[in-house]
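Report on the structure given below.
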Amino acid sequence: MSLNRVAPQGVWTSRWTFVAAAAGLAIGLGNFWRFADSAGEYGGGAYLMLYVACVLLFAMPALVAEVVIGSRGRASPPRALHYLALESATTPWWRLFASLACLASLLVLGYLGVIGGWVLAYIPLLARETLTAASVELAAEHLNTLLASPQTMLYWQSLFMAMSACLVSLDMTRLLGRMLRIAVPIMLIMLALAVYCGYRLGDVGAAWQFLFELRPGDLSWQALLAALAQAFFSLSLGLGAMTVFGAYFPDGRSISRQVTAVVVLDLLVAMAAGLAIYALVLDQNIDPGRGAALLFVSLPYAFGNLFFGDIAGALFFALLGLVTLTTAVALMEPAVAALQERLRWRRPLLVLPVAALVWLLGAGCIQAFSAGPALQWLGRNPLEWLDLISANILVPLCALGFALFAGWRMRAEVLRDELHNASDRFFSLWRVLLRYIAPPAILVVLLGGLYQRFWV
C-alpha cells in the first residue's frame with residue numbers, strides 16, 4: 001500500500017521546530033518536582049544512573065516508535081494507526097489505542113489546567129511582595145487559602161485554558177511552530193538564570209550533595225519503579241502528542257537524532273531545575289516537602305526570604321507557567337488534529353469545543369476538590385480519580401499499544417525506511433529493545449502505578 005507522504009496540516013519548517021515542540025511537551029512540571037525528589041530519596045547519583053539506563057533501554061525506543069508511527073502515517077494518531085494497520089495487513093482495531101491516547105491527553109490536561117492555574121496565581125502573589133519575610137506557616141496558609149476558594153481557582157484555571165486555546169488555534173506547523181522555536185530558548189534562558197540565582201543566593205553545595213552524591217545503599221526496587229515511572233512520564237509516552245508531532249516531521253531528517261536531542265534536553269532541564277530549586281530551599285534549613293508542597297510552600301517561602309526574592313520568585317513562576325503552557329498546547333493537539341481531519345472545519349472552530357470540554361473537567365474537579373470529603377468516592381476526590389484513570393491506566397496502556405504495534409506489526413523494511421539515516425547497528429538494537437524490553441517495562445509502570453495507588 002502506498003501512503004500519502006504529505007500531512008494534512010503540513011510539516012515542520014526545520015528540525016529545530018520538532019525538537020522545540022517535543023521538548024515543550026516533555027519538559028513539564030515533573031521535571032521540577034518529581035525528578036529531583038526521587039533523586040534525593042533514592043540514591044542521588046546512583047538514582048541518576050539508574051534513570052538514564054531506564055531512558056535508554058525502554059523510554060527512548062518507545063518514543064522513537066511513536067514518532068515513527070506518526071512520520072509513516074502522516075496523519076492524526078487514530079488515522080495514522082488505521083493507515084499503518086492496512087499497510088501491515090493487520091486488524092484496524094489497533095487505532096483504538098490512538099483514540100484512547102487522544103482521550104487520555106485531554107483527561108491529563110483537565111487536571112493540568114487546574115495546576116497551571118495555581119502557577120499563574122503565584123506570579124502576582126510573589127510580585128506584590130506578599131510573602132516577603134513570611135514564615136513557612138504563612139506560606140502554607142496562602143496555599144490553603146487558594147485551595148479553599150473555588151472561585152479564585154476557577155478564575156486562574158479559566159485564564160490558563162484561554163491562553164492555551166488561543167495558542168492551539170494558530171497553525172501548528174507554521175505560526176505556532178515559530179512561537180515554540182522562540183519559547184523554548186526563552187525557557188532555557190530563564191532556567192539558566194534560576195540556576196545562577198540558586199548559585200548566588202542559595203546553598204548549591206547542599207543541593208548538589210542531595211541530588212548527585214553517589215549513595216548506592218539507597219537504591220531499592222522502589223527506586224527502580226520510580227526511575228521507570230519518571231522515564232516514562234517525563235518523555236510523555238502514550239499521549240499521542242509525539243505521534244502527531246511525528247506526522248509533521250519533514251522528510252529526509254534523522255528521527256533518531258532529533259529524538260536524542262529531546263531526551264538529552266529533557267534530562268538537562270530536570271537536573272538544572274532540581275539544582276536551582278533545592279539550592280534555594282535547602283539554604284533555608286526547612287523540610288523541602290514533596291510535590292505541591294515543594295513548589296507552592298517551600299519554594300515561595302525561600303523566595304520570600306531572599307534579597308530581591310519577589311522579582312526572582314515571580315520570574316521563576318513565570319517560567320513554570322511557560323513550561324505548563326507548552327505542555328498544554330501539545331496535549332490538546334492530538335484531539336484537535338483528529339477532529340480537523342474528520343470535520344475539515346477551520347482550526348479555531350475545533351479548538352473551542354475541545355478547550356470547553358477540558359475546562360469543564362477542570363471546573364468539576366475544582367468544585368469537588370473544594371467540597372472536600374463530601375464529594376469523595378472510595379477515598380478519592382474527582383481530581384485524584386481523573387489522575388488515576390488517565391495517568392495510571394490509559395496512558396501506559398496506550399504506550400504499550402504503540403510499542404507493540406511498531407515492534408510486532410510494522411514490517412522491518414517499513415521501519416527501516418523511516419529510520420533511513422540511522423546506522424544498521426542502531427536500528428537492530430532499537431528494534432530488539434522495542435520488542436523485548438519496552439513492553440515489559442511499560443507493564444511494570446502500569447502495574448506498579450496501580451499498586452502504589454491502591455495498596456501503598
Side-chain angles (χ1 to χ4, degrees), residues 21 24-34 101-125 143 146-170 172 176 180 183 187 233 236 238-241 244 291-292 295-296 317-337 339 348 350-371 375 380-392 394-395:
L25 169 64
I27 299 171
L29 288 179
N31 294 74
F32 288 79
W33 69 13
R34 183 182 294 160
C102 294
L103 173 63
S105 65
L106 296 183
L107 294 180
V108 170
L109 184 53
Y111 62 83
L112 181 66
V114 177
I115 300 173
W118 299 352
V119 172
L120 295 183
Y122 266 75
I123 297 175
L125 183 69
L143 177 61
L146 174 64
L147 299 182
S149 174
Q151 295 84 2
T152 304
M153 285 198 290
L154 190 61
Y155 168 79
W156 288 108
Q157 183 249 4
S158 300
L159 178 60
F160 179 84
M161 288 309 306
M163 295 168 64
S164 303
C166 289
L167 289 175
V168 181
S169 297
L170 301 175
M172 173 58 74
L176 190 55
L180 287 170
M187 186 191 307
F233 291 110
S236 303
L239 290 167
V244 79
L295 284 190
F296 298 105
F317 273 86
L319 166 63
L320 292 180
L322 182 60
V323 165
T324 313
L325 198 59
T326 56
T327 302
V329 168
L331 290 177
M332 209 181 298
E333 179 61 20
V336 172
L339 289 175
L350 296 170
V351 171
L352 283 176
V354 173
L357 173 63
V358 175
W359 180 86
L360 285 173
L361 285 172
C365 289
I366 287 173
Q367 296 299 326
F369 183 78
S370 301
L375 283 177
R380 289 179 173 83
N381 60 46
L383 186 64
E384 292 170 328
W385 277 111
L386 192 62
D387 182 29
L388 171 65
I389 293 171
S390 58
N392 291 104
L394 287 181
V395 173

request  = Can you measure from CH2 (Trp118) to CG (Leu125) and round to the nearest 0.5 angstrom?
outcome  = 14.5 Å
message = Using a 3.5 Å distance criterion without hydrogens, assess whether the side chain of Gln367 forms a donor-acceptor pair with backbone atoms of Pro150.
response = no
Separation of Leu109 CG from Phe160 CZ (nearest 0.5 Å) = 7.0 Å
message = Whether the side chain of Tyr122 engages the backbone of Phe296 through a donor-acceptor N/O pair (distance < 3.5 Å, no angle test) should be reported.
response = yes
query = How far does CG of Leu176 sit from CG of Leu167, to the nearest 0.5 angstrom?
reply = 6.0 Å
query = Taking C-beta and beyond as the side chain, do Thr326 and Leu180 meet within less than 4.5 Å on heavy atoms?
reply = yes
query = Heavy atoms, side chains only, cut-off 4.5 Å: are Trp359 and Leu154 in contact?
reply = yes
task = Indicate the atoms forming the closest heavy-atom contact of Trp156 with Pro124, along with that distance.
result = CH2-CG, 3.8 Å
key: With Ser105, the side chain to side chain contact (heavy atoms under 4.5 Å, CB included) member among Leu25, Leu239, Leu394   = Leu239
message = Rounded at 0.5 Å granularity, tell me how far CE in Met332 sits from SG in Cys102.
response = 13.0 Å
ask   = What is the minimum heavy-atom distance between Ala241 and Ala330, and which atoms define it?
value = CB-O, 3.5 Å
ask   = Taking all non-hydrogen atoms of both residues, which atom of Leu331 and which atom of Leu106 are closest, and how far apart?
value = O-CD2, 4.3 Å
query = Where the side chain of Thr327 meets the backbone of Gly24, is there a donor-acceptor pair that is under 3.5 Å apart?
reply = yes
ask   = Which distance, rounded to the nearest 0.5 Å, do you find between the CG of Leu295 and the CZ of Phe32?
value = 8.5 Å
query = Can any side-chain N or O of Asn31 pair as donor or acceptor with the backbone N or O of Gly28 at less than 3.5 Å?
reply = yes
ask   = Is there side-chain contact between Leu147 and Leu143, with heavy atoms separated by less than 4.5 Å?
value = yes
ask   = Between Val119 and Gly321, what is the shortest heavy-atom contact and its length?
value = CG1-N, 3.4 Å
key: Reported CG-to-CG distance for the pair Leu388 and Leu107, which is rounded to 0.5 angstrom   = 11.5 Å
message = Minimum heavy-atom separation for Ser236 and Ala26, please, with both atom names.
response = OG-CA, 3.8 Å
inquiry  = So which atom in Ala318 and which in Ile123 form the shortest heavy-atom distance, rounded to 0.1 Å?
reply    = CA-CD1, 3.7 Å
